[in-house]
Q: 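I have a structure I would like to understand better, so I am pasting it below and will then ask my questions one at a time.
The chains referred to below are lettered A, B, ... by the order of the sequence lines, with proteins before strands, and numbering in each begins at 1.
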Amino acid sequence: MPAADDPADAPADARAADPGGADPADAATDQAIPYRFDRTAAAGELQERYASLAAGEETGDEVAVAGRVMLVRPQGRLAFATLRDASGQVQLFALKAETDRFDTFAKLSLGDWVGASGRIVKTRKGELSVKVRDWVLLAKARRGFGDKWKGITDVETRYRQREVDLWANERTREVLTMRSRVLSALRRDLESQGFIEVETPMLHPIPGGAAAKPFVTHHNALDADLYLRIAPELYLKRLVVGGFERVFEIGRVFRNEGVSPRHNPEFTMLELYQAYADHTDLVPLLEQLVATVATEVRGTTRVQCEGREVDLTPPWRRASLAELTSEAVGEAVDVHSDPADLRRLLAAAGQDPHPGWGPGKLLLELFEKTAETSLWGPLFVTGFPAEVSPLARRDRHDPMLAERFEVIVAGRELVNGFSELNDPDDQRKRFEAQASARAAGDEEAMMVDEEYLRALEHGLPPTAGLGIGIDRLVMLLADVANIREVIAFPTLRPER
RNA sequence: GCGCCUCUAGCUCAAUGGCAGAGCAACGGACUCUUAAUCCGCAGGUUGUGGGUUCGAAUCCCACGGGGCGCACCA
């Protein structure tokens, strides 16, 4: 924290009055700021408790409230102020005849924090109020808040100075509160099913568990380059190797890629792994988990998103990638199709196929270019090619496919899940294929992870796992179109 | 990374080639039941930055910077 405000950065009025600190014209700042305040009631609680109090009625009930001054209406020898705390709002009613330091109270600024004590009354116009006897300034708002009617709407200010956005905009408080409730509901539900929450490293010697470009950093004492994790997957499966049968982690992952309304460089992922299960066991688990969370935070499994309904009530539709793609391109294709045909269709869809792509990659690209954009969901897309699923176990009926699904909800990929590949020899082959792709220029292809291979050699039981993009889940439930709305401090270019 | 849009007082916005304005906030004053209180007064600006065109630029052009959206990449 700076010792003093930079005068050039201070509001014009404060700068003119006193570049070093408080505005002497405002007597409220002459008060000593206490170190603590004994609050006895929250605004929301008072509104409930005294809902039936009649207009003009005065109680003898003494309370002490604290919060931020949102509006002030001085009126001669009376003054009203709207006080807001985390639970809601309550009016402060001050009278020159009864209120300590009334003149100073009447000069409070919007944004000031105050503590006030007095009796509960309801004004003649029916507004629940604390009739202030004593009050104290808890913090001075030296910077003005936005327009008192319109608040702050400038998106850059809203993201860069979220503290201002939060107290100016109700909707921001709602969305970030909903995020917290989503996380809490997820944890509760998983724990009730015997999953334990674990934490694994964020600094990885080899970035693994996903196809993505990592951030690189350096540890000085170890003189080692480390990567910010792109996924916790490999460490979580190592915990299953060690004997934890149901684990989950909710945590930040980092991907050094573009930003967009649906992508933030750091985002929150939930990954869970269940031993002795395959990908089909995850289907009801996921449906139930999402439905439970939706019911807890929205009260329903039928939510509105971007003006359309998303019905999260289980069960959700299932369709294979091959059938969805066939339908979209108007001819039957699958992972066994002639690669030449897949290339032709891909070119027709406007995508230039890379010479190194095998049939699996070609089919996936074709799906993404044709079918995926029109899907709304919720929908399990199954039958992903093994070629593009290097950590997933091969389909028991077709070794060209993996036992993997992605879930699309509200047109966005929300979940990726599969039966985990637990054969160390096959895993080594998959890593090697990835490494060749990497050598051929695919920056997002995986590296061979010997540590992980060694762990698999100790024996990973049959295990199923999935990952959920938490930010996107919150976007869905809060019905916001931009990922930055669900992240308290989204990544922006540094100021200046 | 590329394309399009955008940036004016603390905030929300006007002014589209001709004197940079309003509302709110702030500041001074009036007011004993207000609800975005009301009323009177006062102050507030290198129009994102730097160039250019023009008699004259917030306005037109170029570059740079911030932000938004789209594309690409992904979750």
Q: With a 3.5 Å cut-off and no angle check, do the side chains of A:Ser389 and A:Arg404 form a donor-acceptor pair?
A: yes
Q: Determine whether the side chains of A:Thr268 and A:Arg179 contain a donor N or O and an acceptor N or O closer than 3.5 Å.
A: yes
Q: Categorize A:Asn416 for me: base, sugar-phosphate, or nothing, with a 4.0 angstrom heavy-atom threshold over every strand shown.
A: nothing
Q: Between B:rC42 and B:rG28, how many Å separate the two C1' atoms, rounded to a whole number?
A: 7 Å
Q: Contact class for A:Arg493 (heavy atom, under 4.0 Å): base, sugar-phosphate, or nothing?
A: sugar-phosphate
Q: Rounding to the closest angstrom, what is the interatomic distance between B:rA20 and B:rA36 at atom C1'?
A: 27 Å
Q: Taking only the P atom of each, what is the distance from B:rA9 to B:rU46 in whole angstrom?
A: 9 Å
Q: Please give, in whole Å, the distance from B:rC39 C1' to A:Arg73 CZ?
A: 17 Å
Q: Does atom CD of A:Glu174 have more than 12 heavy-atom neighbours, drawn from other residues, nucleotides or ligands, at distances under 6.0 Å?
A: yes
Q: Nearest to the side chain of A:Ser109 - B:rC73, B:rG67, B:rC27?
A: B:rC27
Q: For atom C1', what is the distance between B:rA15 and B:rU8, given to the nearest Å?
A: 9 Å
Q: So what does A:Leu71 touch, heavy atoms closer than 4.0 Å: a base, only the sugar-phosphate, or nothing?
A: sugar-phosphate
Q: Under 4.0 Å, heavy atoms only, any strand: does A:Arg484 hit a base, just the sugar-phosphate, or nothing?
A: sugar-phosphate
Q: Taking B:rC7 as the reference, what is the distance to B:rU47 when you measure between their C1' atoms (whole Å, please)?
A: 9 Å
Q: Whether the side chain of A:Asp147 and the base of B:rG10 hold a donor-acceptor pair under 3.5 Å is what I'd like checked.
A: no
Q: Without hydrogens or angle criteria, can the side chains of A:Tyr50 and A:Asp61 be said to hold a donor-acceptor pair below 3.5 Å?
A: yes
Q: So if I take every side-chain heavy atom of A:Asp154 and compare against B:rU12, B:rC33, B:rG70, which nucleotide ends up nearest?
A: B:rU12
Q: Quick one: side chains of residues 67-82 of chain A, donor-acceptor pairs under 3.5 Å with protein atoms, not counting sequence neighbours, listed by atom name and distance.
A:
| unit_1 | atom_1 | unit_2 | atom_2 | d |
| --- | --- | --- | --- | --- |
| A:Arg68 | NE | A:Gly111 | O | 2.9 |
| A:Arg73 | NH1 | A:Thr82 | OG1 | 3.2 |
| A:Arg73 | NH2 | A:Thr82 | OG1 | 3.4 |
| A:Arg73 | NH2 | A:Gln91 | OE1 | 2.7 |

Q: Quick one: label A:Glu444 by what it contacts on the DNA or RNA (base, sugar-phosphate, nothing), any heavy atom closer than 4.0 Å.
A: sugar-phosphate
Q: Please determine, by modelled atom types, if A:Ser419 and A:Glu403 share a side-chain donor-acceptor pair under 3.5 angstrom.
A: yes
Q: Would you indicate what A:Gly467 reaches in the nucleic acid, counting non-hydrogen atoms under 4.0 angstrom: base, sugar-phosphate, or nothing?
A: nothing
Q: Look at all strands and tell whether A:Asn482 reaches a base, only sugar-phosphate, or nothing, counting heavy atoms closer than 4.0 Å.
A: sugar-phosphate
Q: Give A:Thr123 one of three labels, base, sugar-phosphate or nothing, depending on what nucleic acid heavy atoms sit under 4.0 Å from its own.
A: base
Q: Can you check the A:Asp112 CG to B:rG10 P distance for me, whole Å?
A: 20 Å
Q: NA contact type, A:Pro74, heavy-atom cut-off 4.0 Å: base, sugar-phosphate, or nothing?
A: base
Q: Roughly how far apart, to the nearest Å, are B:rA58 and B:rG51 at atom P?
A: 14 Å
Q: Rounded to whole angstrom, note down the P distance from B:rC27 over to B:rC19.
A: 33 Å
Q: Can you identify which nucleotide, out of B:rC31, B:rU35, B:rC71, has its nearest atom closest to the A:Gln91 side chain?
A: B:rU35
Q: So what does A:Arg160 touch, heavy atoms closer than 4.0 Å: a base, only the sugar-phosphate, or nothing?
A: sugar-phosphate
Q: Would you mind reading off the distance between A:Lys369 atom NZ and B:rC71 atom C1', rounded to a whole angstrom?
A: 11 Å
Q: Using whole Å, what does the distance between atom C1' of nucleotide B:rU6 and atom OH of A:Tyr159 come to?
A: 15 Å
Q: Using Watson-Crick and G-U wobble pairs whose two distances are both under 3.5 Å, how do you write the pairing of RNA chain B as dot-bracket, with | for links to another strand?
A: (((((((..((((....[..))))..((((.......))))......(((((..]....))))))))))))....
Q: Once you apply a heavy-atom cut-off of 4.0 Å, does A:Glu127 come out as touching a base, just sugar-phosphate, or nothing?
A: base
Q: Would you call A:Glu58-A:Arg119 a salt bridge at under 4.0 Å N-O?
A: no
Q: When you measure from the side-chain N and O atoms of A:Lys148 to the phosphate of B:rA37, is any distance below 4.0 Å, counting only OP1 and OP2?
A: yes
Q: Please give the distance between the C1' atoms of B:rU54 and B:rU16 as a whole number of Å.
A: 16 Å
Q: Grab the CD-P distance between A:Glu156 and B:rU12 for me, whole Å please.
A: 11 Å
Q: Taking CD from A:Gln75 and P from B:rA30, how many angstroms apart are they, rounded to a whole number?
A: 14 Å
Q: Of the options B:rG67, B:rA72, B:rA25, whose atoms approach the side-chain atoms of A:Leu110 most closely?
A: B:rA25
Q: Quick one: on RNA chain B, does A:Gly258 or A:Leu492 contact a more 5' nucleotide (nearest heavy atom)?
A: A:Leu492
Q: Can you pull out every salt bridge (Lys or Arg N to Asp or Glu O under 4.0 Å) where at least one residue sits in residues 410-419 of chain A? Sequence neighbours excluded, please.
A: A:Glu306-A:Arg412
Q: Which part of the nucleic acid, if any, lies within contact of A:Gly469, taking any heavy atom under 4.0 Å across all strands shown: a base, the sugar-phosphate backbone alone, or nothing?
A: nothing
Q: Any non-hydrogen side-chain atom of A:Pro359 less than 4.5 Å from a side-chain atom of A:Glu387?
A: yes
Q: Rounded to the Å, how far apart are A:Phe93 CZ and B:rA37 P?
A: 16 Å
Q: May I have the distance from A:Trp149 (atom CH2) to B:rA36 (atom P), rounded to whole angstrom?
A: 6 Å
Q: Would you say A:Glu266 and A:Val253 make side-chain contact, with heavy atoms under 4.5 Å?
A: no
Q: From the list B:rC11, B:rC33, B:rA26, which nucleotide is the closest neighbour of the side chain of A:Leu78?
A: B:rC33
Q: What does A:Asp352 touch in the nucleic acid at a heavy-atom separation under 4.0 angstrom: a base, only the sugar-phosphate, or nothing?
A: nothing
